[in-house]
Amino acid sequence: MSEKIPYLDLPAQIRSVRKELDAAIARTLDHCSFCLGPDVVQFEKDFAKFCGAQHCVGFNSGTSALHIALMLLGVGPGDEVITTPFTFVATSWAISYVGAKPVYVDVEDGTMNLDPKLLERAITAKTKAVLPVHLYGQPFDIDPVLALCKKHKLPLVEDAAQAHAAKYKGRIVGTFGDISCFSFYPGKNLGASGEGGALVTNNAAFAARARSLREHGSTVRYYHDEVGFNYRMEGIQGAVLGVKLPHLQKWTNERRRVAHRYHELLRDTPLQLPREAAYAESACHLYVVRHPQRDQLKAHLDASGVGCALHYPVPLHLQKCYASLGHQPGDFPIAEKAARECLSLPIYPELTDAQIQRVVAVIKDFFRK
Ligand SMILES: Cc1ncc(COP(=O)(O)O)c(C=O)c1O
């Protein structure tokens with residue numbers, strides 16, 4: 001039996017920085033700064049600089065960062081927020097947490113990102129914000145979305161949970177909108193050793209209120225200015241992220257190498273391959289191919305020891321939790337087709353050329369049968 005290829009090889013990444021991680025975690029243990037603390041403060045400074053933003057506020061998850069972002073924008077009950085139905089559910093959670101209604105706009109077939117051409121017709125008097133996602137690490141087409149936001153005086157929140165270091169027209173994502181939210185879930189391109197997230201913004205008032213909201217609505221201990229949350233980033237996560245951030249660009253380059261290689265080797269197969277838009281430099285968080293016989297192909301890869309995954313098998317408008325929105329199959333046909341056909345192949349900086357060739361050989365074997 002040939003070597004198994006995991007869908008994600010986090011142990012390989014941890015091994016590559018293990019000594020630095022051990023030292024950073026030991027330092028946190030020594031000074032016992034477990035909730036926020038100096039390593040989180042330093043990471044916030046470094047990550048803001050990396051994104052070209054003035055402020056970064058660390059959270060205990062990307063979901064919390066998105067929740068607070070919508071609070072900062074004053075979104076509340078009765079309001080609508082426009083977003084994509086083809087994303088991880090947490091994008092929509094933020095809208096639900098503030099009591100607003102997610103209004104979905106279908107995606108483009110090529111990028112699977114929110115289709116800017118469909119955006120304007122979804123805007124109503126109740127729309128309070130636009131929240132697209134840089135899906136799989138590829139920026140959505142920001143300029144036409146921003147133009148509509150400006151025209152209708154709507155704030156833009158970038159869900160950049162999958163897109164650390166991605167570029168749009170040569171500029172790193174994170175400061176195109178009013179607020180951008182990142183996830184540091186362990187499997188993300190920049191992952192903590194547990195949960196973590198952040199928002200970045202150039203708005204000092206937003207950053208100050210976000211710091212208060214994440215810490216029980218307080219800036220002075222035991223004085224609470226508004227109802228807040230315990231959404232603090234853990235000190236150990238700040239330390240771990242501080243170790244990993246200097247490696248992020250190199251790791252992103254390696255992910256792009258893997259994606260290019262897949263592209264070369266899979267070009268002559270019946271698969272629909274991910275396409276990098278002319279404006280985009282994807283962070284290649286996921287490499288998602290498409291095919292109508294996705295389930296059979298997945299079974300073949302599983303049986304051959306090649307890990308793969310589905311991002312995402314059910315679009316949000318058809319999830320049980322959002323049944324009350326009253327959507328039907330057919331409402332967002334491009335997202336529904338993508339959900340039926342998508343298959344994520346292994347992609348990580350440590351994936352070797354021999355491993356890539358084996359994944360490709362297994363796929364070609366499927367189509368020969
Ligand atoms: C697009 C998207 N949005 C939001 C989130 C939520 O981030 P977290 O898991 O850190 O809460 C994730 C990550 O899982 C994501 O992929």
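Worth knowing before you read on, the calculation uses all heavy atoms, side chains too, and leaves out hydrogens, waters and symmetry mates. Read the numbers this way: they start at 1 and go in the same order the structure lists the ligands and their atoms.
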Asks: Measure the distance from atom 3 (N) of ligand 1 to every protein heavy atom, then report the residue, atom name and distance (to 0.1 Å) of the closest one.
Replies: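 In this structure, atom 3 (N) of ligand 1 has D159 OD2, 2.8 Å as its nearest protein heavy atom.
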Asks: Is D353 salt-bridged to R257, cutoff N-O under 4.0 Å?
Replies: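 Looking at D353 and R257, the cut-off is not met.
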Asks: Quick check on L135 - does any of its heavy atoms sit under 4.0 Å from an atom of ligand 1?
Replies: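 Judged by the 4.0 Å heavy-atom criterion, L135 does not count as contacting ligand 1.
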Asks: Would you mind running through ligand 1 and noting each atom that sits below 4.0 Å from a heavy atom of S61?
Replies: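 Listed by number with element: 10 (O), 11 (O).
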Asks: Kindly confirm or rule out a cation-pi arrangement of R232 over F59, judged by NZ or CZ under 6.0 Å from the six-membered ring centre and within 45° of its axis?
Replies: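 No; the conditions do not both hold, so R232 does not lie above the ring face of F59.
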Asks: Parallel under 30°, tilted from 30 to 60°, perpendicular over 60°: which one fits the rings of Y168 and Y279?
Replies: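 Y168 vs Y279 ring planes: tilted.
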Asks: If the cut-off is 4.0 Å to any non-hydrogen atom of L66, which atoms of ligand 1 fall inside it?
Replies: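 So the atoms of ligand 1 that pass are 4 (C).
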Asks: Below 4.0 angstrom from a heavy atom of T91, which ligand 1 atoms are there? Numbered from 1 as shown, please.
Replies: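 Per the distance check, 1 (C), 3 (N).
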Asks: Is E44 salt-bridged to R214, going by a charged N under 4.0 Å from an acidic O?
Replies: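 Yes.
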Asks: What I want to know is whether T63 and ligand 1 share at least one N or O pair that is separated by under 3.5 angstrom.
Replies: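 Right, the criterion is met.
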Asks: For ligand 1, which atoms, with element, lie under 4.0 Å from some heavy atom of A90?
Replies: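 It comes down to these atoms of ligand 1: 4 (C), 5 (C), 6 (C).
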Asks: Fit a plane to each ring of H317 and H327, take the angle between them on a 0 to 90° scale, and name the class: parallel (under 30°), tilted (30 to 60°) or perpendicular (over 60°).
Replies: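 Plane angle over 60°, so perpendicular.
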Asks: Applying a strict 4.0 Å limit to heavy atoms, is H134 in contact with ligand 1?
Replies: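 No, H134 has no heavy atoms under 4.0 Å from ligand 1.
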Asks: Examine ligand 1 and decide if any of its atoms is less than 4.0 Å from a heavy atom belonging to C181.
Replies: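 Not so, C181 does not reach ligand 1.
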Asks: Could you pull out the closest heavy-atom pair between G197 and M233, with the gap in Å?
Replies: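 Heavy atoms only, the tightest pair is O-CE, 3.5 Å.
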Asks: For W93 and Y322, take the angle between the two ring planes, folded into 0 to 90°, and tell me which bin it lands in: parallel under 30, tilted 30 to 60, perpendicular over 60.
Replies: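 If you compare the ring of W93 with that of Y322, the planes turn out tilted.
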Asks: Quick one: nearest non-hydrogen protein atom to atom 2 (C) of ligand 1, plus distance?
Replies: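 I find the closest protein heavy atom is A161 CB, 3.4 Å.
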Asks: For atom 9 (O) of ligand 1, what is the closest protein heavy atom, and at what distance to 0.1 Å?
Replies: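 Result for atom 9 (O) of ligand 1: S183 OG, 3.9 Å.
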Asks: What protein heavy atom lies closest to atom 16 (O) of ligand 1? Include the residue and the distance to one decimal.
Replies: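 For this ligand atom, the closest protein heavy atom is Q162 NE2, 2.9 Å.
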Asks: Does the side chain of S344 pick up a donor-acceptor pair with the side chain of Y136 at under 3.5 Å?
Replies: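 Result is no, nothing qualifies.
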Asks: Salt bridge check, E120 against K151: does any charged N sit closer than 4.0 Å to a carboxylate O?
Replies: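 Looking at K151 and E120, the cut-off is met.
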Asks: Could you verify whether a donor N or O on one side chain and an acceptor N or O on the other, from Q162 and H134, lie under 3.5 Å apart?
Replies: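 Side-chain D/A pair, Q162 to H134: absent.
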Asks: Relative to each other, are the rings of H67 and Y231 parallel, tilted or perpendicular (30° and 60° limits)?
Replies: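 If you compare the ring of H67 with that of Y231, the planes turn out perpendicular.
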Asks: Could you list the atoms of ligand 1 found under 4.0 angstrom from a heavy atom of G196?
Replies: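 Contacts of ligand 1 toward G196, numbered from 1: 10 (O).
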Asks: Need the ligand 1 atom indices (1-based, order shown) with element for anything under 4.0 Å from a heavy-atom of T87.
Replies: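 Under 4.0 Å from T87, ligand 1 has these atoms: 1 (C).
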Asks: Which residue owns the protein heavy atom closest to atom 14 (O) of ligand 1, what's the atom, and how far is it?
Replies: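 Ranking protein heavy atoms by distance from atom 14 (O) of ligand 1, first comes K188 NZ, 2.9 Å.
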Asks: Say whether G62, considering both its backbone and side-chain N or O atoms, lies within less than 3.5 Å of an N or O atom on ligand 1.
Replies: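 N/O-N/O distance under 3.5 Å: yes.
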Asks: Please could you name the atoms of ligand 1 that V133 approaches to less than 4.0 Å, counting only its heavy atoms?
Replies: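 Those atoms are 1 (C).
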